[in-house]
Amino acid sequence: MTTIKSILNEQVGNALCRVSSIEQCKANVITASRPEFGDYQANGIMKVAKRLKQSPRELAAAVVTFLEKKNISLVESYEIAGPGFINIRLNNSELISRANVFLNNPELLVSKTSYPKTIVVDYSSPNLAKEMHVGHLRGTIIGDSLVRILERSGHNIIRQNHVGDWGTQFGMLIAYLQEIQKSKENNLPRQLLDLEHFYRAAKSRFDSDKNFADESRRSVVKLQSGDTESNKLWAQFIEESLSHCDAIYDKLNVTLKREDLDAESRYNNQLSEVVRILEQKNLITISDEAKVIFLPNFVGKDGNILPVIIQKSDGGYLYSTTDLAAIKFRSAELKADRSLYVVDARQSLHFDQVFSVAKAAGIASKKISLEHIAYGTMMGNDGKPFKTRSGDIVKLTELLDEAIKRAYELVTAKNPALDKELRKVIAEKVGIASVKYADLSKNRTSDYIFEWSTMLSFEGNTAPYLMYAYARIKSILKKPEAQNFTANISSLNEIEERLLLVKILQLSEVIQIVAEDCYPNQLCNYLYELAGLFMKFYEACPILKSEERIRNSRLALVSLTAETLNQGLDLLGIETLEQM
RNA sequence: GCGCCCGUAGCUCAACUGGAUAGAGCACCGGCCUUCUAAGCCGGGGGUUGGAGGUUCGAGUCCUCCCGGGCGCACCA
């Protein structure tokens, strides 16, 4: 179903074009900034009036006259206000009939795009040499939410988990594995249970023992030249590491599967081809025996030129080369319209460069939009990157376990009468949801402070608050008096009912914005406001105690609220509970 | 040195991408439970949006310059 905002944008925009005789002009309709301004407001009149050198209020009056003649059923009234805004109030029975369509067809709450695209989303992408740590959390969670939102909007989504499974540190790990295997008492699976520990042990061996370091380097060469034994160990290592990732994804309720893997090693045999293309386009310069590209748009003011290294002086390749090969694949083979990289903001220069090279060399098609969906760093409450007290990187699995533990204590404190097993289930969902929501609800581009107390709070814009709101709604619907209500909204007399209903109808509008700009916090804000409006409705309007007609209508509204909350949270990757 | 990002209430964050009187939560103060989950709701105080200019009907948002912070800049990813 076309959203209200789209209809208004089209109708008011059209009227504006007709009245002003300007072809390209936008109505710029947004939801009203204050309730007394109505439901929506058109902000675009002033800009057009400016171009016409006309009084904005006069132009607004002409637009309103035009619109009133068209008699759009959705609109109750227009009002010109301030310097030239058009405030729009919607018609109640139209709102009700829209809502009733959603009640009977909940899948329509989020409308499908008219222009489906093929969109590659590269996210999570852990380094398989180590265990997943807190640094992988944001990208994994934000990426997964975007994927859900884009998919639900009707796009063709190709997930790509670009795991780091190649490169120098694997030589070190393999050498260390071999060393361990030689000694009798060790068994491999147990050693690999703690990847982080294993990596650190290998690393300290590498740093302290020259012979071992040399052995590691030889090991890389053996691996890359296809040595059977090395490759067998490598594959074993990768498998073990991937199963760690799977466990994390499962715990986090993240949709990434094995078939979404797009490991770096996949591109090994295409790297020389990438270099050949770049050479053919005369982009390569030899500098200090390395093959690099100097891009004119990356020249600093002082003439300092930033190079992109494509091939090292020893012939080895770097991640820029791999990324170019991946762009080639996503562009030519997957035929993507958009390719999103949900990656740490600190890599923005790298992506600027790689995207520029890809475009300049024709490795990326003309149509593909390459977008770095950057996110900020997770900080501790001291404002520095999040670490343990001893200064170590926090393993993701430990962080999640702590979240669940804290949630269990909280649930027990709030509701000690609940069965222990049930509390465990609730704690698991609430704990994970809290961590995810804390991440999603903040503007992704800025660094954010990780704080247990705020994310596990039941107050404010948090997962527990939203989940509680949902559970509360569901409990109403489970009452005996709530059974067999006729599933239609018929009354919208109370202001709280109306505000709630209009909000529900806006889910799709928010989803459209997020699908475009990739800021999931906008969906979080929406859901928080939705839950707040429900609470206000709940306080102000008796549901079960009202006379039958009102009761039925309100129950339908309650049911639609539940549906909207549930779907919205699902698009964030957050599961709801019937009872808390 | 050069480049990118950021600076909003005591704290954590919003502000629909240039719109009307900058909003929430925490903390603080005061109300509301024999009544659908009080894990809730209502009200109050708290701001020169780091500073100074500029652009325009209109700036937290755009431009310039300062101040303060974070992060990147040649063979790691």
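To find a chain, count down the sequence lines: A is the first, B the second, and so on, and within it residues start at 1.
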task = Taking Watson-Crick and G-U wobble pairs with both distances under 3.5 Å, convert RNA chain B into its dot-bracket string, 5' to 3', dots for unpaired and | for cross-strand pairs.
result = (((((.(..((((.....[...)))).(((((.......))))).....(((((..]....)))))).)))))....
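B:C65 takes the anti form, because its glycosidic angle lies more than 90° either side of 0.
Comparing A:Ala471 and A:Pro385, the nucleotide of RNA chain B nearest to each residue sits closer to the 5' end for A:Ala471.
The A:Thr31 side chain lies nearest to B:C16 when the options are B:A74, B:U12, B:C16. For A:Glu459, the listed nucleotide lying nearest its side chain is B:G25; candidates were B:A77, B:A20, B:G25. Considering only side-chain atoms of A:Leu349, the nucleotide from B:U17, B:G25, B:C73 that sits closest is B:C73. Comparing B:C76, B:C73, B:G19 by their closest approach to the side chain of A:Pro83 singles out B:G19. Listed nucleotides: B:G58, B:G40, B:A20. Nearest to the side chain of A:Asn87: B:A20.
Across all strands shown, A:Ala290 has heavy atoms under 4.0 Å from base atoms, whether or not it also approaches the sugar-phosphate. In this structure, A:Lys536 reaches the sugar-phosphate backbone alone: every heavy-atom distance under 4.0 Å involves primed, P, OP1 or OP2 atoms, never a base. Note on A:Ser287: a base of the nucleic acid sits closer than 4.0 angstrom, heavy atoms only. Counting any heavy atom pair closer than 4.0 Å across all strands shown, A:Asn381 reaches no nucleic acid atom.
A centroid separation of less than 6.0 Å is found between the aromatic rings of A:Phe355 and A:Tyr341.
Applying the ring-ring contact (aromatic ring centres under 6.0 Å, His included) test to pairs two or more places apart or on separate chains, those with a residue in residues 433-458 of chain A are A:Phe386-A:Phe450, A:Phe450-A:Trp452.
For B:A77, the base has a donor-acceptor partner in the side chain of A:Tyr319 [N/O atoms by modelled type, under 3.5 angstrom].
Comparing B:C73 with B:U8, their P atoms sit 27 Å apart, to the nearest whole Å. Taking the C1' atom of each, B:G7 and B:G70 are spaced 11 Å apart, rounded to whole Å.
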